Amino acid sequence: MKKLALHWQILLGMLTGVLLGVLLSYTSFGPNFIKDWIKPFGTIFINLLKLIAMPLILASLIKGVSDLKDISKLSKMGGRTIGIYLCTTILAVVLGLVLVNTIKPGNNIKEETREELMLAYEEGASAKRAVAQQQREAGPLQPLVDIVPSNIFEATTNNRNMLQVIFFAVFFGIGLILIPQDKAAPVKAFFDAFNEVILKLIDLIMLAAPYGVFALLAALVVESPSLDLFQALGMYAITLLIGLALMIVVYIVLVKIFTGRSPSFFMNGIAPAQLLAFSTSSSAATLPVTMERVEEHLGVDEEVASFVLPIGATINMDGTSVYQAVAAVFIAQAFGLDLTLGTQLGIILTATLASIGAAAVPGAGMVMLVIVLGQAGIPEAGLALIFAIDRPLDMCRTITNVTGDAAVSMMVAHSFGKLKEEPHEKKWDDNYPTKG
Ligand code: ASP
């Protein structure tokens with residue numbers, strides 16, 4: 001019998017997880033059973049993905065940069081990558097603003113619903129505000145200072161420090177380019193082989209993906225708030241989902257225009273990473289799989305993927321950008337505030353910076369939203385309004401974040417003649433393990 005393609009297996013895992021969660025939440029023992037006996041497997045799966053994120057970035061970026069052979073090529077690729085990332089991010093914020101101003105989801109929130117939500121979620125919201133406060137208290141150049149680690153070993157001990165590790169890896173790669181080739185060769189060979197091992201580990205971890213997402217979603221269902229809240233915040237959720245979906249359409253169009261690859265080729269190639277992004281709510285945890293898919297199935301040369309994707313996972317979050325625009329204006333509408341054009345233009349700037357600054361982990365977008373709200377003079381307490389349904393929406397915006405990175409990597413690769421030809425046009429039946 002033909003084996004089911006990976007993304008179908010993952011989808012099946014997700015569906016059975018949701019089903020089990022829904023069924024067991026009607027029993028008295030179910031929620032605890034899932035928490036004690038099923039959720040831990042989901043946690044193990046996420047841990048495995050996070051476990052290899054740092055070594056992967058180190059090995060693949062050092063190898064990628066040193067393969068570039070000259071510094072001017074590196075700066076060209078860096079400039080192009082960051083330029084495209086910035087354009088898609090600004091486009092995402094503008095799209096979010098247009099949608100939320102057209103649909104006006106906040107105008108439908110009843111006074112009593114608003115008060116209920118504020119009361120129920122004040123605690124969670126104030127925890128997010130406290131984290132945001134710490135970030136805000138730092139000076140304006142602090143984000144820049146934060147990129148440069150003072151100790152690389154310390155930097156690699158926390159997945160939130162991905163930008164620091166990226167900085168080190170690029171710096172180290174530059175050093176490798178600048179020393180004589182015969183001296184650099186053994187170091188490059190080491191990282192090359194190291195990288196291969198990590199890729200093999202990703203293959204192995206992905207064998208467990210269907211079970212991992214099953215456990216994650218079952219746990220999520222029994223821990224999620226009631227459906228009533230979804231209804232109250234339905235228009236807000238729908239507005240955001242439309243924005244996130246439209247961004248994916250934008251990527252499909254961009255990929256078609258700039259690389260000539262068909263929508264089905266692009267979507268088939270990236271689907272498992274999208275499903276994982278949805279299940280883990282973290283671009284960082286999904287990164288190993290995004291890299292594998294982009295290299296093995298979308299034909300992006302390793303040299304480009306290993307440079308563009310880790311940077312994208314940390315700074316390019318278009319789903320988060322749409323979210324920040326929609327959420328900020330939604331809260332303002334719910335409080336009956338009229339935002340001037342100037343304020344909305346300000347949101348474009350702050351939301352762009354906030355999405356760049358957001359860590360690639362669950363819930364990070366909401367912390368940075370506090371900063372957008374503060375800048376626009378929208379009550380930060382409004383965070384409590386959207387808190388209840390933030391997790392499912394976080395799952396969805398992470399899909400857009402990951403898809404955006406993949407699309408940009410294809411565009412950059414194509415512009416450098418590093419997008420492989422059609423043999424990579426694998427269809428839906430491709431399976432893991434992918435490497436021999
Ligand atoms: N969870 C998102 C990500 O990892 C960030 C966010 O909270 O918007 O991409």
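First listed ligand is number 1; within each ligand, the first listed atom is number 1. Because the structure is a prediction, the values reported are computed rather than measured.
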Looking at [atom], what's its closest protein heavy atom, distance included?
atom                   : value
atom 6 (C) of ligand 1 : G365 N, 3.2 Å
atom 9 (O) of ligand 1 : S283 OG, 2.4 Å
atom 1 (N) of ligand 1 : D394 OD1, 2.7 Å

Element-labelled atoms of ligand 1 that are located less than 4.0 Å from some non-hydrogen atom of [X]:
X    : value
T320 : 5 (C), 6 (C), 8 (O)
G363 : 7 (O)
A360 : 4 (O)
A364 : 7 (O)
S282 : 4 (O)

Per side chain to side chain contact (heavy atoms under 4.5 Å, CB included), M206 is matched among D203, L204, I202 by I202
Flag the pair F171 / F167 as yes when their ring centroid distance falls below 6.0 Å, and as no otherwise. yes
Short version for V361: what comes under 4.0 Å of ligand 1, heavy atoms counted, is backbone
By ring pair (Phe, Tyr, Trp, His ring centres under 6.0 Å), F194 pairs with (sequence neighbours left out) F190
By ring pair (Phe, Tyr, Trp, His ring centres under 6.0 Å), F168 pairs with (sequence neighbours left out) F172
Test: K35 and E223 ion pair at under 4.0 Å: no
**Q.** Modelled atom types, side-chain donor and acceptor of Y251 and D318, under 3.5 Å
**A.** yes
ask   = Under 6.0 Å from the six-membered ring centre of F278 and within 45° of its axis: does the NZ or CZ of R397 meet both?
value = no
Quiz item: Polar-atom distance check: A359 versus ligand 1, any N or O pair below 3.5 Å?
Solution: no
